[in-house]
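Every chain is numbered from 1 and lettered A, B, ... according to where its sequence line falls, protein lines coming before strand lines.
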Amino acid sequence: MSSIFALVDCNNFYASCEKLFRPDLKHRPVVVLSNNDGCVVARSKEAKALGIKMGVPVFQIRDQIEQHNIVCFSSNYALYADLSQRVMSLLEEEAPYVEIYSIDEAFLDLTGLDGCVDILSFGQHLKAKVDQCTGITVGVGIAPTKTLAKLANHAAKTYPATGSVVNLMERDRQRRLLALLDVSDVWGVGRRLSKRLYERGIYTALDLADANSKVIRSEFSVVLERTVQELNGVSCIALEDAVPVKQQIVCSRSFGTRIIEKEALKEAIAKYMGRAAEKLRSEQRLARVVQVFIRTGAFNPNDTYYTNALTIELSHPTNDSRDLLKAAYEVLEKLYRPGYRYAKAGVMLTDFYEHHAYQQDMFQADPVRKGSKALMEVIDNINHSRLGKVFLAAQGTSTPWSMKREHLSPAYTTQWSDLPIVR
DNA sequence: TCTGGGGTCCTAGGACCC
DNA sequence: TCTGGGGTCCTAGGACCC
């Protein structure tokens with residue numbers, strides 16, 4: 001029995017979320033900005049029509065924003081995450097297996113369903129249900145492999161005549177669509193790869209599908225060979241119905257203003273480590289390896305560029321914010337060079353252990369702190385409740401370098417105080 | 001002046017071992 | 001002068017994704 005995958009993808013997700021609570025903006029161009037209000041990361045269809053490109057720095061399109069009255073929002077992840085959850089739980093009601101692939105898309109396993117229902121109608125039903133229950137419009141692509149489902153979804157969004165639902169189970173239809181698409185539209189083929197593929201005369205998705213997969217393997221990689229198989233309807237990438245265990249936890253931010261002093265960098269690192277340690281504890285895990293990186297701005301040719309990262313291995317795995325921060329500070333001491341204008345810093349935790357499975361060494365030099373688990377639990381509980389925020393003093397309270405979010409919308413769905421009011 | 005953040009997987013090359 | 005081959009493990013870096 002051949003597999004059937006559906007890819008459900010929300011249209012212009014962040015921009016759609018913002019519009020949901022602002023009916024006055026229904027037909028207006030809207031863009032959502034990255035952290036620090038730096039780049040455009042989502043565009044409503046009106047903004048796309050104006051030619052606003054994905055990822056473009058905001059300062060480069062100031063004129064267009066003014067001229068066309070484009071509405072800008074800072075990213076409001078609390079809002080997007082909540083709406084995402086609503087969409088995903090609707091999909092979970094409909095399909096036996098759902099892989100939440102990102103905040104705005106999910107793969108569904110529909111294998112075997114073609115025996116009981118018409119697959120296209122089922123896709124249309126999914127779309128109608130999500131539209132009706134959340135107000136978020138989605139596209140649905142259905143195909144025998146994930147890579148083809150991605151392309152079916154792409155077609156659903158590109159061609160209005162499809163009604164945003166495309167069934168790509170038939171080989172003839174697959175090949176007709178592949179011939180229309182550039183090879184760079186294929187999932188897993190990015191900028192570098194497409195350039196190399198063009199040089200070998202592979203321009204369309206169909207060219208790639210018809211390439212010799214052994215040659216692709218030897219000249220490119222096993223990853224691209226899998227893609228060739230998938231384009232030919234051979235499923236190589238399975239649906240992951242269990243959330244894979246994380247290999248690393250990263251917390252990094254660009255600063256709202258440049259940092260020169262070490263003290264300010266220390267505060268930033270303390271803040272990021274506080275957040276990273278919290279994530280680590282929420283996964284019930286311990287980490288043994290801590291990495292810190294700092295760098296100056298990468299774009300200003302007048303600034304001297306400096307970027308560096310260092311890793312330290314702890315004597316024993318821990319999830320105590322204080323131990324992790326102490327390690328991070330040691331690293332920062334080695335990394336920091338005075339005189340640079342730092343633009344970004346971050347911490348990374350790796351080499352994880354299960355909390356209950358780690359066996360302590362009774363002779364280890366610096367034993368685990370007494371009461372660590374209880375203290376961290378108290379901190380996390382307070383921070384998850386409505387009481388407020390508890391954090392290490394090292395994080396500081398006055399942080400002029402914190403990220404810019406000048407166009408933040410209210411947390412309509414996750415804060416009582418921000419609940420929309422209808423008059 | 002101002003250019004995001006958080007992930008995964010694969011590969012090449014060096015160190016080391018027998 | 002002649003100087004093997006095969007294996008593992010680790011890390012840094014590259015490529016991709018949303």
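- Residue-level contact check: A/Arg226 touches the backbone only, with heavy atoms under 4.0 Å from sugar-phosphate atoms and none from bases.
- As a whole-Å value, the separation of A/Leu310 CG from C/dT11 C1' is 14 Å.
- Here A/Val289 lies out of heavy-atom contact (under 4.0 Å) with every strand.
- Atom P of nucleotide C/dT11 and atom CD of A/Gln291 are separated by 11 Å, given to the nearest angstrom.
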Which pairs, protein N/O on one side and nucleotides 1-8 of chain B N/O on the other, fall under 3.5 Å?
unit_1: B/dC2; atom_1: OP1; unit_2: A/Arg258; atom_2: NH2; d: 3.3
unit_1: B/dT3; atom_1: OP1; unit_2: A/Arg258; atom_2: NH1; d: 3.2
unit_1: B/dT3; atom_1: OP1; unit_2: A/Arg258; atom_2: NH2; d: 3.3
unit_1: B/dG4; atom_1: O4'; unit_2: A/Ser34; atom_2: OG; d: 3.0
unit_1: B/dG5; atom_1: OP1; unit_2: A/Ser254; atom_2: N; d: 2.5
unit_1: B/dG5; atom_1: OP2; unit_2: A/Ser254; atom_2: N; d: 3.4
unit_1: B/dG5; atom_1: OP2; unit_2: A/Ser254; atom_2: OG; d: 2.9
unit_1: B/dG5; atom_1: OP2; unit_2: A/Lys344; atom_2: NZ; d: 3.1
unit_1: B/dG5; atom_1: O3'; unit_2: A/Arg253; atom_2: NH1; d: 3.2
unit_1: B/dG6; atom_1: OP1; unit_2: A/Arg253; atom_2: NH1; d: 3.0
unit_1: B/dG6; atom_1: OP2; unit_2: A/Ser252; atom_2: N; d: 2.7
unit_1: B/dG6; atom_1: OP2; unit_2: A/Ser252; atom_2: O; d: 3.0
unit_1: B/dG6; atom_1: OP2; unit_2: A/Ser252; atom_2: OG; d: 2.8
unit_1: B/dG7; atom_1: OP2; unit_2: A/Val250; atom_2: N; d: 2.7
unit_1: B/dT8; atom_1: OP1; unit_2: A/Gln247; atom_2: N; d: 3.1

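- No side-chain N or O of A/His68 forms a donor-acceptor pair with one of A/Glu46 less than 3.5 Å apart.
- A side-chain donor from one of A/Asn76 and A/Ser409 sits under 3.5 Å from a side-chain acceptor of the other.
- Nucleic acid contact class of A/Lys150 (heavy atoms, under 4.0 Å, all strands): sugar-phosphate only.
- A donor-acceptor contact closer than 3.5 angstrom links the side chains of A/Asp182 and A/Tyr198.
- Within a 6.0 Å radius of NZ in A/Lys45, other residues, nucleotides and ligands contribute 12 heavy atoms or fewer.
- Contact annotation for A/Asp104: backbone-only contact, meaning every heavy-atom pair under 4.0 Å involves sugar-phosphate atoms and none involves a base.
- A 3.5 Å limit on both hydrogen-bonding distances identifies C/dG5 as the Watson-Crick or G-U partner of B/dC18.
- Salt bridge status for A/Glu283 with A/Lys279: absent, with no side-chain N to carboxylate O gap under 4.0 Å.
- Rounding to whole angstrom units, NE2 of residue A/His154 and P of C/dC18 are separated by 12 Å.
- Within the 4.0 angstrom heavy-atom criterion, only backbone atoms of the sugar-phosphate kind lie near A/Leu193; the bases stay farther away.
- Regarding A/Leu224, its CG atom lies at a distance of 18 Å from the P atom of B/dC9, rounded to whole Å.
- Aromatic ring centroids of A/Tyr101 and A/Trp187 lie under 6.0 Å apart.
- With both ends at atom C1', the span from B/dC16 to C/dG4 equals 16 Å, rounded to whole Å.
- Residue A/Phe220 contributes atom CZ, which lies 14 Å from atom P of B/dA12 at whole-angstrom precision.
- In this structure, CD1 of A/Ile237 is placed 11 Å from P of B/dC10, rounded to the nearest angstrom.
- Relative ring orientation between A/Tyr306 and A/Tyr340 is described as parallel, the plane-to-plane angle staying below 30° on a 0-90° scale split at 30° and 60°.
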